[in-house]
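Here is the naming used below: chain letters follow the sequence lines, and residue numbers restart at 1 for every chain.
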Amino acid sequence: MIANFIDGPLWYFSQAVFAIGIIWKILSLIVGKKKSDLSVARGSSVPGAIRTIFSRFIPDKGMASHIKLQIIAGYLFHLGLFALLFFAAPHVRFLDENFLGFSWITLPHWGFIVAAQVAFLGLLLLFLHRLMHQVTRLISSTGDYLASIITFIVMLTGCLALLEEFSELRLLHRFSVEIFLIYFPFSSLMHAFTFVPSRAFTGAWFGRRGIKS
Amino acid sequence: MKLTKTSNKVIDSSFIDKKGTAQRAAGEALSRRQFLRSSTLMAGGAALGTTLAPGMMKKAEAAETAKGNIKRVKTICTHCSVGCGVIAEVENGVWTGQEPALDHPFNKGAHCAKGAAIREHGHGERRLKHPTKLVDGKWKKISWDQAINEIGDKFLSIRKESGPDSVYWLGSAKHSNEQAYLFRKMAGMWGTNNVDHQARICHSTTVAGVANTWGYGAMTNSYNDIHNSKAVLLIGSNPAEAHPVSLLHIMKAKEENNAPIIVIDPRFTRTAAHADHFLKIRPGTDVPIIWGMMWHIFKNGWEDKSFIKQRVYGMEEVMQEVAKWDPAEVERVTGVPEHKVQGAAKAMAQNRPGTFIWCMGGTQHTIGNNNTRAYCTFQLALGNMGVSGGGANIFRGHDNVQGATDLGVLANTLPGYYGLKPGSWKHWARVWDLDFDWIKGQFDGGSYEKKGDKDVHVMNTKGIPVSRWIDGVLEDKKNIGQKDNLRAMIFWGHAPNSQTRGTEMKKAMEKLDMMVIVDPYPTVSAVMSDRKDGVYLLPAATQMETYGSVTASNRSFQWRDKVMDPLFESLPDHTIMYKLAKKLGIADQLTKHIEVKNDEPVVEDILREINRGMWTIGYTGQSPERLKKQQANWGDFDFTSLKAEGGACDGEFYGLPWPCWGTPEMKHPGTPNLYDGSTSVAEGGLTFRARFGVERNGVNLLAEGFYSAGSEIKDGYPEFKADMLKKLGWWDDLTADEKKAAEGKNWKTDLSGGIQRVAIKHGCAPFGNAKARVNVWTFPDPIPIHREPLYTSRRDLVEKYPTYEDRKSFWRLPTRYASIQAKDYSKDFPIILTSGRLVEYEGGGDETRSNAWLAELQQDMFVEIHPRDANNAGIRDGNDVWLETPEGAKIKIKAQVTRRVDSGVAFSPFHFGGHFQGKDLRDKYPKGAEPYILGEAINTAMTYGYDSVTQMQETKCSLCKITKA
Amino acid sequence: MANVKFYCDSERCIECNGCVTACKNENDVPWGVNRRRVVTVKDGEPGERSLSVACMHCSDAPCAAVCPVDCFYTTDNGIVLHDKDICIGCGYCSYACPFGAPQFPESGAFSSKGKMDKCTFCAGGPEETGSAEEYQKYGANRLAEGKLPLCAEMCATKALLAGDANVVSDIYRQRVINRSMSTLASNVRIQKDFLGSSPDLTGKATK
Amino acid sequence: MDALKRSSKTITSLNVNLSLLVCFIVIIFAMLSFSPVFAAEGKLGNSNTATHQLGVKSPATDLWRAVRNRDFGGSKGMSSTSQIKSLGANTFINVKGQEWRKFRQNWLLPYGGYFLVSVVGFLFFLYVVIKKVKIPNGRSGKSVSRLSTMQRVSHWFMVILIGFMALTGLLLLFGRLVAIPVLGLDGFAFVASASKESHNVFGPLVIVSLLLMLIYFIQHNWPAKGDIKWLFSLGGLLSKKHLKIGFFNAGEKLLFWFTIWLGVVLSITGLLLLFPYYEQTEAYTQLAIAIHAIAALLLIAIAFAHVWMVVTIEGTMDAMKDGNVDENWAKYHHSRWYEETTVANKALDVDAHVEEMSSSESRKEGVYQ
């Protein structure tokens, strides 16, 4: 019964919340009131926006030596997660069968595992660092911890279900994914979508003012 | 979550009977045979049986179980000549299960790797799926109509330009009897004798040698009759791999009769591993080893003197030849020491009757016919012929190579070994109800050869044998004995990699105007050459997708039922033949008395026509009705005698082994053991055939004081003719109709069968009662002698045992012997190269290498070399090596270092193909039709060499050098 | 209820691999998974013998002992079966099995081996007898249909025997007696001695 | 009363780790000496080459004897062949499997189980008897900086991983005995599957954690002068006077090195198991499983002891929480280190919290802090 619920209503509900939540969030960003910048433009905003989207992938020189762990672990985690999400064979198969109707090249099994390990490594180190470092601990909210923990649980349950043979484990993974999806729009996890517009906005703002960012 | 272990309760010990075989509960629910089983497999051979992979986020879907009706079809394995029964379980037209035929008289349910994997036919994943044509180097799908039209048009234009002999009809031992017959008939109507099949390169020397010794060129006894043998001698034969189920019978003799098993072979085969005595000879020294054994037999007086006196002609001359082979000379030539040879001779002499088994190790030599006759002589000397437990048990290769040979898919004979003489054509013209002159007119007008001063008509001239088609294409036009070169080849179920001289074959293929390949698989023919066009692949159905009769090695006919409809767009061979004949304008003549339904000639009608004409070898009594009845009741036949006791076929032998004399109405039971005089002819007894006249140089050729049980003529007698019946006063035993048909005819040409009936009624064999001859005065070597192979490593023996002189025109082609032997290659190519079979594969291997269950077991082409040779060349087990032969071919294969072969000998299996001189041709196959396993064909490297009588290719004895790749 | 057993008669086994393909045929076992195999000793030398090896359905099965999830069970006939719903593909059974019977569909770095697969004596598994699920997971259930394992039924030389342990041993005993007779009968003994030494497996000639 | 108090003080002052470790080592050696690894039974079945009742031996007898003796004669000796290509397919009888099974079933499971239970029991006993070791004179309220962020990150990283590996590993090892009766076969199956899969995924991360551990802690774990003395006095138990101890005492150093070396052993054997059938044969895999299990049990026992110690000794946990310890704790347990560090701190004269955020520390450490 629980299985039916997880595979059925909850799945659709979580998708709906996810989709609607994201749309609503993004719309609210676009529609939301922005203070108009009345100053005279000293540069063009478009190149600045585009440049910033990418330039922010590279840490600021001054900061780099201070946040090595965050950079390394951060990249490990995000790259690993990206590979897992979009190039692990079961995920591709799932996307293919449920949404897209086409598939693409997938990681071999060992590549899948390595990606998972890389992501776990990054996530755990970042989480512990957040917890251990006085400053980050001070500036972290419950929401941040929650986001990390939910992501971790999604990954962990996925890893438990690696054999793809036990429906209980698959359900567990799916359930955690559903929680993740529901939580997603209301949390800092939204940065997966908002990082582009927010960087672009900052970049545009800077660009307009003639500041390189 | 409660786990139920349901299998606990389903098992009931009552299923096991005393013999340890399974008792089948009648009407047992076979519910497990879900249709799903095959349909899912056809969808891609998914990993069933191991995982139920629900996918990561996907629910496991309960498989739909569609329960259909299960039909059990009795059919016959299509791999080797043993003729194992197979029970196919078919559900909704899909072959879903294979059960052992535990009551089949040949195999009792037993199968080798190939037979046990035959259900793979039901998948056909790697089959050729539709007619395909090569256009600019690309395979293009075409329709059947287009294919037949284009092929037919080309044939007709070649016919116009170069005559009918420029099209070569290469048939198959995989055809059913009816298809083989139709194929030969079609070639005749097209107007050529350029028609042949694998028997040429498999047992043609046997047929020639054996038929010329005692009358018929077939296995004399049966696999089952080996149960009665007191000794078993195998030479050049490895049944443990080539005919594994025959070991079931050989083991029975070994265990129950204490029969010593003696194996003579250059290689320690898997058969030798189970033998009591093993003689490892140098390849190509069969005659010396046989004469060496007979030296001991004659020396000790072990020969059967009364048998020789009564039933053998020419043994004195053999004794003279044998006298030259004293133990020292035998050891010098063969390498086998005296005590071993003597041991073998003594074992055979003291344990009679002993059977003598040979295969391609003996036949595929330039002196193959000498070898086979030497074997026959050995058995005659010991009096082992014509007795149960004795005989010359020649294990044939393909499932129907015996039938295809009998039905004359050969360049030198018409169906039933009638030969090509005008009388033979006239006989068949009568059977076919066709005008003889029309047939004659189909042939090329002129003459290619002279007999004395007289021109011989093309129709009566032997064609080019399959072993030499390459030369028929490549040889200068003025050197060949026909109007023009071969310009089109039709490979109808033939693997080119089973033929030697691959490099030249590639050239020949490229020179042809057109190649037509009719086969369930693309075969190596499709990829070997660098042609860009002019190649047609036509998908033929396998024998599992059609029906008809098949002749096992022991001359037994078996009826095959159709298991399923042809897969994909494939069509049965006889349907394709009819379509082609229609295009060529000979369909009406081809099927004059054969009903045709939807372009498919009715198989039963073809068999009835065969029955009407094949008097020589008694293919006349096996009507479709009798065969079907036997098939339905195959459990009634005795495992040893093959005789039915009671039941619907009471008194008949299984498969009505030919000769099954007279008409079907005569109800002759078939002849289980040839030339066995202990029973009457009516019950399957026989004498040696009077085929070579009644006397020669004043010596009587008829049997003396010997006759079969119940014979009214108590001595030898010639073959029966109308006049002879009159002289004997038996003419009036014929009915009025029979008299009309028999007048002026003999036992072979009397279409009413009256002469045969009356002869048998009086206890006589229709073909007479003569001596076997060990002096075949019509052959190049009347008494078999040893001759060194063309490529020999023993130059010291060449002078004493030279090969033949070159011949200018032999089967229409110049043929070289001495000119090759003259050159010494043994310095550069020090290792003798021989070839043979693997149990997992068969023939050229296209079918079996496309069968995943078999292919997994043999994944690499290899060459076996002795550790000494390997070490000398710096080769380790598993290394890649180059194998080069004197004619310039160079193939890349894996080394298998083993003591199976002696130092100085290398062995390689011949089933591989798809690589050519180090190049992988996988990309050249039509998509999805390439076999799972490809490899170099050893015959790419095998060299020139042809038998002096039949043009059998030499594959067992060449030279090579092996270097690390 | 009687115990069932396999026995392979090495004097008869000719390494034709019929049992291997019969098993593949009957159970649709994929490439790479071999529930049955033929092993040869002294390959290519006098004394060469082959034996067909699969799960021997041990009375005290080592695989069952070491399985961390206890997925094995023995039927009343002494057939050792396993439950693929429980198997986690750890491979311990293959480390413990003396005969190399357990097979895994996958292998390689980090690879889940997939669920173990092995000879079931053609007795299916814990799913409902004759169901499609049973066939998919375990292959054929011939025993339920009153048939013996196909490998044995199809053995080319009847070297591989399967069935009631007593019957199998009776058949084998009869064969041994037959073979003994051949060496006991004095004339034949002389005969075989004369044929020369056939070395036994250790390479020493028997006198 | 005084004497009693003193003696209890002495007990607590020693780092109890050591005595425990000695116990473990004794138990392990006792166990190993009985184990089949050392006392392997050489025979497989009874080599009864029975001749037939008729007095004629069956030819199969030779074969089976050869199989048992693993020598078939001939040029290839004990090697047999098969057309099946998979690894090990050409082996007739896997004798090692039998030994491995005996080891696992008869030794590892029972003795490993007893061992773990007795260790836990013993520690519980100590916990109950000894109760908490208080900081003498109570907390001062002043804290001393002891561990950097990265040190704590790497420690907890390892704790998470080893804890997870231990949990999943123990489930696989003892689950059949312990968990199946509770969860049932099906219930345990997916737990076991989850354990196995995640054990495999997280395994290699342990190697990373070992590396981090080495990088951040090795500087404090080099053997020092007082260590031998400390060991011989069983952590001050036998010593009359209070020992002056540096950053870590010898017991803590042993804990570190045991963790590292057992970790290395576990990593190597674990990797062998993760990459099966590459170069190594089954025999190696079996050996690897055995060693892996023994090393894991030892490490788990040590980890328990470590936990017990932390729980028992007041104030120790502080160091792993935010990196600071109470001054009195430092004075009492690591007096030499306290003296050194306070001297340094005085020179800088900065508050511990500030120092934590300053870059001087990070320069010293060579990494960001």
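Heavy-atom distances place no part of B:Ala272 under 4.5 Å from chain C, backbone and side chain included. In this structure, chain B has no heavy atom under 4.5 Å from any part of C:Cys151. Using a 4.5 Å cut-off between heavy atoms, B:Gln859 contacts chain C through its side chain alone, with no backbone atom that close. Residue contact with chain C, scored on non-hydrogen atoms closer than 4.5 Å, involves the backbone and the side chain of B:Leu247 alike. Proximity to chain B (any heavy atom under 4.5 Å) is restricted, for C:Asn34, to the side chain, taken from C-beta onward.
The shortest side-chain heavy-atom distance between B:Arg270 and C:Thr40 does not fall under the 4.5 Å cut-off. Looking only at side-chain heavy atoms (C-beta outward), C:Lys158 and B:Met251 stay at 4.5 Å or farther from each other. Side-chain contact check for C:Leu150 versus B:Pro100: some heavy-atom pair is nearer than 4.5 Å. B:Val839 places none of its side-chain heavy atoms less than 4.5 Å from the side chain of C:Glu15.
For the atom pair C:Arg12 CZ and B:Glu255 CD, the distance stands at 4.0 Å (nearest 0.5 Å). A distance of 8.0 Å separates OG of C:Ser10 from NE2 of B:His274, quoted to the nearest 0.5 Å.
Taking all atoms of both residues into account, the shortest heavy-atom contact from B:Ala110 to C:Ala156 is CB-O, 3.4 Å. The minimum heavy-atom distance between C:Cys16 and B:Ala240, with the atom names listed, is CB-O, 4.4 Å. B:Ala117 and C:Thr21 get closest at one heavy-atom pair: CB-CB, 3.8 Å.
A side chain to side chain contact (heavy atoms under 4.5 Å, CB included) with B:Trp853 is found for exactly one of C:Val20, C:Asp28, C:Val29, C:Asn17, namely C:Asp28.
Heavy-atom pairs under 4.5 Å with chain B were tallied for C:Met154, C:Lys24, C:Gln174, C:Gln103; the largest tally goes to C:Met154. Among B:Glu256, B:Glu856, B:Glu864, the residue making the largest number of heavy-atom pairs under 4.5 Å with chain C is B:Glu856.
Here B:Glu99 pairs with C:Arg142 in a salt bridge; the nearest charged N to carboxylate O distance falls below 4.0 Å.
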